[in-house]
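Numbers restart at 1 for each chain; the letters A, B, ... are given by sequence-line order, proteins then strands.
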Amino acid sequence: MPGDETAEQLLPLLVIIPIFAAAVLIAVGQRLPGRLVGAVTLIVVGLVGVGDTAALIITWHRRIVSWLGGWRPGRGGSGVGIAFQADQLSAGLILLAAGLMIVALAFSWHYFQTPGSHFHALMLFFLAGMTGFALAGDIFTMFVFFELMGVAAYALTGLKVEDPSAVQGAINFGIVNSVAAYLSLIGIGMVYARTGELNLAELSRSLAGDHSPFVVIAFVLLCIGFLVKAAVVPFHFWLDDAHAVAPTPVCVLFSGVMVELGLYGVLRVYQVSFADTAVADGIGRLLLVLGIATAAVGAVMCLLQRHLKRLLAYSTIAHMGMFLVALSTGDPESLAGIMLFVLGHAAVKGALFLCAGILLDRFGSIDEFTLWGAGRRLRGWDGIGVRSIFGLAALGLAGLPPFAAGLGKSLAETAMSEAGAGWGPAFMIIVSALTGGAVLRVWLRVVVGAGSEPEGIEAEGMSGDEEQMEVDVGEDIPNRMIISAGVLVAIGCGLGLVPSISAGVTAAAARFLDTHGYVAAVLHGRIGYPRAAAPAPPGWDLHGLLLSGLTMAAACAVAALAVLRPRLPGGQRPSRVVRTPVRLLRRMHSGRVGDYVVWLLIGVGVTAAMLAPG
Amino acid sequence: MSRRVRMILLVVGLLGAVTVLAVGVSGLPAFGGHHHPYRDLAVAASLRHATANVVSAVNFDQRALDTFGEETILVASVAGVAALLRPVRRERRRRRPDVPVMDSTRLLTAVFFPVTLLIGIDVMAHGAITPGGGFQGGVVLATGIHLLYVGGRYRLLERMRPLPLFEITEAAGLVIFIAIGAAGLAVAGHVFTNILPQGQLGRLISSGTVVLLSGAVGMAVVSSVVILLAGFLDQALALEEVPDTDQDSDGAEEAAR
Amino acid sequence: MIIVITVLLTVVLIGAAVVVFTRRPARQAVTLGSYGVLLSVLFVAVQAPDVALSQLAVGTAVVPLMVMLAVRKISALRRSGREDR
Amino acid sequence: MTAVLGYYPYAVAGAIVLLGLVGIAISRDLVHAVVCLSVCQSGTYVFLLAVGFQYGGVAPIFGSTVHRGTPVVDPVVQALSLTDIVVSAAVTSMLLALVIQIAKRRGTVDPDELRSLKG
């Protein structure tokens with residue numbers, strides 16, 4: 001165990017090392033061969049991953065608080081410097097980001113033939129932005145790293161310069177996220193004007209007990225940027241456009257960790273600074289209503305998509321809805337379940353995106369109908385690999401027992417039913433079944449080739465045929481692509497089996513909700529955790545297994561119904577009562593940035609109305 | 001959504017946003033009040049480190065990480081723009097006939113070019129004493145270099161600012177910023193600590209690392225803005241869409257830089 | 001002092017409206033530049049010389065130049081695009 | 001009267017932000033939308049500097065004329081605004097590059113004509 005000071009001193013290096021490496025790559029990248037640039041990037045991200053793991057191990061026993069430049073606050077308790085704070089949740093998130101990036105870089109080893117190291121430098125900037133955002137203990141520093149994450153993500157989204165398909169997905173993503181960041185900055189200005197402080201712990205002290213409507217408005221404006229990044233309805237429109245055009249390895253990071261960081265931002269700001277204010281009595285209602293709306297829109301749109309990447313993007317939106325609903329109860333058990341669910345979802349969703357990328361590079365299209373029966377045309381080990389990984393990941397997403405996503409879902413379900421939300425488990429099962437069913441439907445049609453050859457069924461929505469191959473792999477799919485997808489599925493399954501993970505997650509949840517512990521650690525240096533009974537690691541119980549089995553059955557039913565619908569009597573035309581709302585929902589996702597900004601404005605009003613006291 | 005529906009929803013959204021902002025602003029202290037606790041702490045800390053320009057003290061000494069993040073955002077956006085605007089197969093570089101420049105303009109730019117460079121360097125060097133600093137000085141220098149294009153020819157500008165050199169100085173600016181931060185870590189145990197002797201208020205050599213960090217930021221900003229403008233100038237002036245008719249292969253090689 | 005700031009704020013608000021409601025992007029680059037100068041004057045009045053200098057350099061010189069070059073490239077693309085069809 | 005003047009700067013800042021958003025919502029050209037976004041961001045500079053102002057305060061540059069005792073305007077918001085201006089330059093250049101890329105690929109920058117993202 002390193003001395004108690006070294007961890008504090010080295011914590012900021014987790015942000016500085018990737019930026020240093022990116023700067024060096026920009027300077028000399030043109031002259032280095034592509035293979036060396038990729039290797040250097042992988043080594044640097046690996047180094048950051050090792051640092052994150054060390055931070056996670058240390059935060060198992062105490063928090064790490066690092067005041068930049070030695071500007072520790074004086075006796076009066078309010079300082080001028082910036083604080084970094086790492087506890088188990090933030091260390092786990094940055095480790096997840098580094099791990100997903102290692103797999104994404106391994107998958108895209110020879111992706112961009114163009115000279116220069118822009119892709120790798122931007123990925124390192126993206127990692128530094130995510131790490132800095134998760135560690136920041138200062139609302140303006142969170143804004144700066146939110147912008148760094150954004151700028152790197154806009155460039156990575158639009159990187160396929162040759163791609164004739166929906167390249168304006170990057171501009172929608174850029175404009176909507178920037179508008180949200182500026183509204184957050186207005187919120188930061190308001191909080192600063194009222195309290196004269198920017199540090200989260202200091203804000204917690206000066207906002208304690210403040211029940212004026214101002215606090216509610218400041219919280220809403222401050223969290224708009226994070227809610228947009230978390231793709232919560234009505235701010236979610238940019239996510240599917242960005243996924244439709246972004247290269248596959250970037251999509252893995254978007255759905256795996258960037259969207260979850262938005263949710264982390266909301267929770268951290270609320271839990272530390274606004275937990276003892278007028279926001280506290282409205283937050284449960286807000287998360288519940290936004291969660292249900294997000295899950296509903298995500299699940300329905302997920303069933304309507306034929307473009308694989310957009311389908312997976314809507315599945316991520318549906319899962320964000322489930323996370324919000326489970327977190328609305330506000331007790332540690334549901335937070336622990338959601339943490340495990342996020343880890344499992346990131347691994348399994350990443351594997352699905354990689355499989356979609358493999359199909360795109362092998363067959364030149366990512367459209368469900370064009371790829372009908374494509375899985376069978378894959379020969380030998382490639383075919384077996386893709387078919388099994390795609391199937392396992394689809395089942396894992398729907399909550400197959402050994403997978404971490406399934407365990408997280410069942411923990412959240414039991415927590416919600418104990419917290420009095422009896423309808424909770426039913427809601428989670430329905431949404432998981434719908435999204436899992438959609439992905440299983442794709443598995444049946446694309447990989448197994450079930451159902452009739454779809455000719456002439458010109459379903460609406462964006463077809464995936466325009467999408468251009470990212471790298472032409474020809475007949476033989478490179479092994480590194482299949483291995484990286486397999487590794488992600490294995491991680492998704494492993495996380496669910498290792499008991500110490502679920503024990504750590506339960507402890508992390510309790511420590512995240514401990515506001516006084518955070519303030520004492522940051523301001524007064526008391527970084528130890530309060531003595532808490534070592535909780536028995538929650539695992540699979542009969543109740544959980546039963547619910548998971550029910551979810552699996554429902555998901556398979558949805559998939560089978562969707563595939564066999566044309567043959568069923570009268571199954572051709574869905575009834576009018578279904579078609580009109582679906583058409584309305586489809587027209588709302590217009591792909592036009594002006595509409596998205598209008599929805600964002602309406603969202604600001606709706607969020608404030610829901611949080612308004614009384 | 002049709003235009004009319006979008007207008008209605010826009011008005012609804014605006015009403016909601018106006019009420020939100022109104023309630024928020026009403027909770028703020030009135031404009032021009034005297035209650036600024038962070039300012040008192042920042043001024044005290046800045047004077048302790050003998051930095052005359054408190055804004056530079058906050059930027060480069062007390063909240064150095066924000067400035068580091070800001071520089072990284074600029075360098076990342078330069079890398080992004082370079083990646084997005086890289087010449088593609090269907091583009092060819094063409095030699096444009098140069099627009100004749102009036103002699104008076106040529107004379108003015110010949111006079112202003114060195115003056116602008118001096119102003120930029122002065123603003124950057126005196127960051128800790130007078131208004132200005134690495135960032136402002138850097139942008140003044142970068143726009144100054146482009147006076148050559150106004151007064152001379154685009155090819156003269158291209159010769160006078162070799163882009164590979166600026167890519168190295170941009171990365172060097174960021175690396176030096178990190179090196180100074182790491183020196184603070186090595187010596188005093190915290191990244192970005194002001195470890196140099198701070199000297200006397202108002203002197204050129206004062207406020208320790210603030211001057212050095214300001215210089216590093218200036219170097220990074222000069223090169224970032226030059227590369228950004230070069231990217232856009234290149235697109236607008238030098239690159240030309242190859243009509244699909246004569247899809248000659250040599251055009252593609254020439255386009256790839 | 002209040003009067004100076006109030007007048008400048010009103011002028012800046014009008015400038016912002018002018019920039020937003022000029023429809024043609026080529027002309028918008030010019031109005032954005034003049035809006036940047038107005039902002040710099042307001043920042044000097046609010047005793048923020050550092051911010052005024054950087055707004056002058058960025059908001060009046062660099063960003064409008066980039067907008068103008070982008071507009072010039074897009075109109076060139078549209079012209080060559082029309083010839084192709 | 002002073003009550004109105006006490007909150008007028010914040011009202012102007014909020015109005016500039018909303019003007020920028022209206023510009024983006026009604027724009028028929030993506031370059032126009034990006035310029036409106038930078039106008040919206042300029043609203044945040046005005047808001048931050050309005051928060052930090054103090055009547056009778058001078059610029060926070062100490063030297064021969066300004067001594068320790070003289071009241072100064074809040075330097076921290078000026079540092080935040082400086083960072084914000086750099087972010088604005090970076091984001092605007094990035095979005096303009098994306099618009100040029102769209103113009104190259106699709107030949108048009110009118111959001112209504114770029115309808116292939118429907119559904």
Checklist entry - What part of B:L65 gets closer than 4.5 Å to chain A, counting heavy atoms only: side chain, backbone, both or neither? => result both

Checklist outcome for this item: Rounded to the nearest 0.5 angstrom, the CG-CD1 distance for B:L185 and A:I16 is 8.0 Å

Next on the checklist: Is B:E70 close to chain A through its backbone or its side chain, or both, or neither, when contacts mean heavy atoms under 4.5 Å?
Outcome noted: backbone

Checklist entry - Side chain, backbone, both or neither: which part of B:L10 has a non-hydrogen atom closer than 4.5 Å to chain A? => result both

Checklist entry - If you count heavy-atom pairs under 4.5 Å between each of A:W67, A:W71, A:F125, A:F20 and chain B, which one has the most? => result A:W71

Checklist entry - Run the side-chain contact (heavy atoms from CB on, under 4.5 Å) check on A:R592 and B:R6 step by step: do they pass? => result CA-CA 11 Å; A:R592 202 186 166 291; B:R6 189 181 312 130; 3.5 Å; yes

Checklist entry - How far does CD1 of A:I602 sit from CG of B:L9, to the nearest 0.5 angstrom? => result 4.5 Å

Checklist entry - So which heavy atom on B:I168 is nearest to which on A:A27, and how close? => result CG1-O, 4.1 Å

Checklist entry - When rounded to the nearest 0.5 angstrom, what is the spacing between CD1 in B:I178 and CD1 in A:I17? => result 10.0 Å

Checklist outcome for this item: Counting heavy-atom pairs under 4.5 Å with chain A, the top scorer among B:H35, B:H190, B:R63, B:E170 is B:R63

Checklist entry - Under a 4.5 Å heavy-atom cut-off, does chain A meet the side chain of B:A188, its backbone, both or neither? => result neither

Next on the checklist: Can you give me the closest heavy-atom contact between B:A79 and A:I26, atom names plus distance?
Outcome noted: CB-CD1, 3.9 Å

Next on the checklist: Can you give me the closest heavy-atom contact between B:A76 and A:L122, atom names plus distance?
Outcome noted: O-CD2, 3.7 Å

Next on the checklist: The test is side-chain contact (heavy atoms from CB on, under 4.5 Å); show your working for A:V15 and B:T72 and say whether it passes.
Outcome noted: CA-CA 11 Å; A:V15 175; B:T72 316; over 6 Å; no

Next on the checklist: Ignoring hydrogens, what is the shortest heavy-atom contact between B:A171 and A:A23? Give both atom names and the distance.
Outcome noted: CB-O, 3.2 Å

Checklist outcome for this item: Among residues 211-226 of chain B, those lying within the under-4.5 Å heavy-atom range of chain A are none

Checklist outcome for this item: Max heavy-atom pairs within cutoff under 4.5 Å with chain B, candidates A:L221, A:L13, A:L68, goes to A:L68

Next on the checklist: Taking every non-hydrogen pair under 4.5 Å, which of A:G605, A:A193, A:S66 racks up the most with chain B?
Outcome noted: A:A193

Checklist entry - By number, which residues in residues 138-150 of chain A have some heavy atom less than 4.5 Å away from chain B? => result A:D138, A:F140, A:T141, A:V144, A:F145, A:E147, A:L148

Item to check | Interface moiety of A:I186 toward chain B, non-hydrogen atoms closer than 4.5 Å | outcome: side chain

Next on the checklist: Out of B:L28, B:V18, B:V78, return the one with the most heavy atom pairs under 4.5 angstrom to chain A.
Outcome noted: B:L28

Next on the checklist: Among B:P29, B:A182, B:A17, which residue has the highest count of heavy-atom pairs closer than 4.5 Å to chain A?
Outcome noted: B:P29

Checklist outcome for this item: Between B:G24 and A:I217, the two heavy atoms sitting closest are CA-CG2, 3.7 Å

Next on the checklist: Looking only at heavy atoms and a cut-off of under 4.5 Å, which of B:D61, B:L14, B:D66 has the most pairs with chain A?
Outcome noted: B:D66

Next on the checklist: So for A:Y154, is it side chain, backbone, both, or neither that comes closer than 4.5 Å to the heavy atoms of chain B?
Outcome noted: neither

Item to check | Most contacts with chain B, counted as non-hydrogen pairs under 4.5 angstrom, among A:V28, A:V80, A:V220 | outcome: A:V80

Checklist entry - In residues 36-45 of chain B, which residues are in contact with chain A at a heavy-atom separation under 4.5 Å? => result B:P37, B:Y38, B:R39, B:L41, B:A42, B:A45

Next on the checklist: Heavy-atom cut-off 4.5 Å, strictly under: side chain, backbone, both or neither for B:L15 against chain A?
Outcome noted: neither

Checklist outcome for this item: Looking only at B:G27, B:S26, B:G181, the option with the highest number of non-hydrogen pairs under 4.5 Å against chain A is B:G27

Next on the checklist: Among residues at least two apart in sequence or on other chains, which ones pass side-chain hydrogen bond (donor to acceptor under 3.5 Å, both in side chains) with B:S46?
Outcome noted: none

Item to check | Leading residue by heavy atom contact count with chain A [cutoff under 4.5 Å; candidates B:V191, B:N194, B:V75] | outcome: B:V191

Checklist entry - Non-hydrogen atoms of chain B under 4.5 Å away: do they reach the side chain of A:R72, the backbone, both or neither? => result neither

Item to check | Contacting moiety of B:V58, where chain A heavy atoms sit under 4.5 Å | outcome: neither

Checklist entry - Contact part of B:F68 toward chain A, heavy-atom cut-off under 4.5 Å: side chain, backbone, both or neither? => result side chain

